[in-house]
Every structure is written in C-alpha cells, then in structure tokens.
Number of protein chains: 2
Amino acid sequence: MKTDSALAALAALAQETRLAIFQLLVRYEPEGLTVGEIAQHLDLAPATLSFHLKTLTQAGLVSSEQDGRHIHCRAQIEAVQALGQFLTMDCCKGQPERCKPASSSARRSKAA
Amino acid sequence: MKTDSALAALAALAQETRLAIFQLLVRYEPEGLTVGEIAQHLDLAPATLSFHLKTLTQAGLVSSEQDGRHIHCRAQIEAVQALGQFLTMDCCKGQPERCKPASSSARRSKAA
DNA sequence: CTATTATTTCTACAATTCTGGAATAATAGA
DNA sequence: TCTATTATTCCAGAATTGTAGAAATAATAG
C-alpha cells in the first residue's frame with residue numbers, strides 16, 4: 001500500500017457520515033446492502049449518500065456491484081487491515097519487537 | 001474505543017503532513033524524536049508542526065513528554081491497533097468468521 | 001416504447017481545515 | 001537578572017470539503 005492510498009482510505013473514514021456507512025456495511029457483511037437500504041438505515045439524502053459512497057469506493061473501502069435495479073455495496077474489510085499494516089510497517093526501522101515486546105502474545109495485564 | 005475517538009484518530013492521520021509526522025515517529029520508535037528534530041526531518045514551519053502535533057496528540061496517536069528544553073514525542077502504535085479493531089468490530093454482527101474465514105487463524109501461519 | 005424505481009451528476013453555499021509570520025511562553029545556562 | 005534556545009499560540013487568508021435540491025441518467029417490468 002502506498003501513502004496516497006492510505007491517505008485516501010483514512011480521509012474516507014475520517015468523516016462521520018462515511019464512517020457510519022462503512023460500519024453499517026461491516027455489520028452487514030458478507031451480504032452487504034443496496035444503496036437504497038443504506039439510505040434508509042442512515043436517513044441520508046440520495047445525493048449525499050452517493051457522494052460519500054463514491055469517496056469510499058474510490059478509496060477501496062467499499063465495493064459495489066449492479067444487482068438488477070439495485071447497486072449492492074460491501075465493506076472491504078481487508079482494506080482496513082492493509083491500512084493498519086501500512087501505518088505500523090516501518091516500526092522501529094524494521095524491528096517491531098523493540099517497541100511492541102508484548103504485541104504478538106497477550107501475556108499479562110490486559111485481557112482483551 | 002468510541003466513534004468520536006476513532007473519528008479523531010482517522011482525521012488526524014488523514015492528512016499528508018500529519019501522516020508523515022506519525023510515520024516518522026513510528027520509524028523512530030521506541031526512542032522518539034523531539035519537536036525540533038521532527039521539524040528538521042520534514043522541513044516544517046514551527047507553527048505548522050505545532051498545529052499538527054497537537055492534533056495527533058489530542059487524537060491519542062502521539063505522546064509527548066517534556067525533556068529539559070525539548071519535548072519528546074513518541075508514536076502510540078497501540079492506538080492504531082485499537083483503531084483497526086474498532087473498524088471491524090461488529091463485522092458480520094459478531095460472527096467475523098462469516099466474512100473473514102481465514103483472518104483469525106492467519107496469525108500463526110505468518111511467522112517468517 | 002413507456003412508466004417506474006434507483007442512483008448519479010450538477011450546482012451552489014456554508015463550514016472546516018491548513019498554513020506560516022509574528023508574538024509569546026517556558027527552560028537552561030552565564 | 002539577561003540571553004539564547006525551543007516550542008506554542010494568535011491571527012488571517014486560501015483551499016478543501018460536506019450537504020442537499022433539482023435535473024439527468026440507468027435499469028427493469030409491463
């Protein structure tokens with residue numbers, strides 16, 4: 001993942017309405033929802049929803065597919081995971097163990 | 001993590017300069033860098049850097065500590081991890097296996 | 001082909017955000 | 001105390017973004 005893609009994904013999610021759309025779609029994985037269903041769930045004006053959906057799609061966070069008269073949308077969970085990896089990728093100049101000694105195994109203190 | 005915190009973290013990272021600052025700090029974990037060092041690395045005007053650092057700090061992505069005349073900054077890697085979890089948390093209404101059949105078991109297989 | 005439903009594009013305006021010069025504050029040393 | 005160094009706040013202009021009404025486009029059924 002490149003910086004530009006990460007920036008696009010972050011910018012896409014860094015907005016209340018779009019975050020709500022994305023989370024709604026995450027919740028409805030793996031079936032997804034149509035544009036109209038999203039509009040109903042979140043009570044959004046068609047133009048507003050379309051605008052945000054476009055942003056999310058361009059950022060690779062939502063995929064859409066024509067399904068008859070409807071357009072079916074799905075959250076791309078993998079994009080979020082790629083984003084997380086991108087953000088911590090050069091951690092400690094390639095030695096992530098140095099800064100996160102307890103990251104790979106939940107040993108003590110916090111039980112998640 | 002609440003929606004507001006997630007939104008703040010996403011908005012903080014969704015900006016070219018701030019993303020650069022954060023990634024620089026990630027790279028310099030666990031020692032961190034002073035504000036002045038960050039300014040040198042990225043060639044930023046003091047006011048600009050201060051503005052962005054404040055945003056990152058308020059979002060919980062950077063911690064800072066007074067160190068004599070300097071202020072020492074460190075990236076909070078954990079915040080990114082929390083963000084990733086937040087974004088996919090209600091995936092498939094609590095049954096993440098449904099949409100990501102290979103996600104939770106992939107942990108062990110990726111050992112280089 | 002026509003009517004109906006679903007979604008997008010056009011358009012404009014309000015609100016927010018980014019940037020950097022100058023002034024200010026805080027710390028350390030002489 | 002005074003001075004040099006480091007970092008922040010104040011300020012204002014420029015640029016970007018979010019919203020939604022109205023019109024246009026796309027797809028299907030009859």
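Throughout, a chain's letter reflects where its sequence line sits, starting with A, and its residues are numbered from 1. A quick note: this is a predicted structure, and the numbers were derived from the prediction, not measured.
Between B/Leu53 atom CG and C/dC18 atom C1' the separation is 15 Å, expressed in whole Å. Rounding to whole angstrom units, CZ of residue B/Phe51 and C1' of C/dT17 are separated by 6 Å. As rounded to whole Å, 16 Å separates atom C1' of D/dT17 from atom CG of A/Leu10. Between A/Leu49 atom CG and C/dT8 atom P there is a gap of 7 Å when expressed in whole angstrom units. Protein atom CD1 of A/Ile71 is 8 Å distant from nucleotide atom P of D/dA27, rounded to whole Å. A/Glu37 has its CD atom 17 Å from the P atom of C/dT5, to the nearest Å. Distance, B/Leu33 CG to D/dA7 C1': 15 Å, rounded to whole Å. With rounding to whole Å, B/Lys54 atom NZ is found 8 Å from D/dT9 atom C1'.
Taking 4.0 angstrom as the limit, A/Ser50 places a side-chain polar atom (N or O) nearer than this to OP1 or OP2 of C/dT8. In this structure, A/His52 reaches the D/dT19 phosphate: one of its side-chain N or O atoms is under 4.0 Å from OP1 or OP2. Checking the phosphate oxygens (OP1, OP2) of D/dA7, a side-chain nitrogen or oxygen of B/His70 falls inside 4.0 Å. Remark: A/Gln66 is not in phosphate contact with D/dT28, judged by side-chain N or O atoms under 4.0 Å from OP1 or OP2. Taking 4.0 angstrom as the limit, A/Arg18 places a side-chain polar atom (N or O) nearer than this to OP1 or OP2 of D/dG18. A/Thr17 has no side-chain polar atom (N or O) that falls below the 4.0 Å cut-off from OP1 or OP2 of D/dG18.
The only member of B/Thr55, B/Ile38, B/Thr57 that meets side chain to side chain contact (heavy atoms under 4.5 Å, CB included) when paired with B/Val62 is B/Thr57.
Counting only distance, with no hydrogens or angles, the side chain of A/Gln15 and the backbone of A/Thr17 share a donor-acceptor pair below 3.5 Å. Side-chain atoms of A/Arg27 do not come within 3.5 Å of backbone N or O of B/Asp90 as any donor-acceptor pair.
Side-chain atoms of A/Arg69 come within donor-acceptor range of the base of C/dT4, with a qualifying N/O pair under 3.5 Å.
At a threshold of 4.5 Å between non-hydrogen side-chain atoms, the residues A/Leu33 and A/Cys73 do not count as touching.
Judged by closest nucleotide on DNA chain D, B/His72 is the one of B/His72 and A/Thr55 placed further toward the 5' end.
If you check D/dA29 for Watson-Crick or wobble pairing at under 3.5 angstrom, you find it paired to C/dT2.
Rounded to the nearest 0.5 Å, atoms CG (A/Leu19) and CG (B/Leu7) are 5.5 Å apart.
Residue contacts for B/Ala47: at a heavy-atom cut-off of 4.0 Å it reaches a base atom on one of the strands shown.
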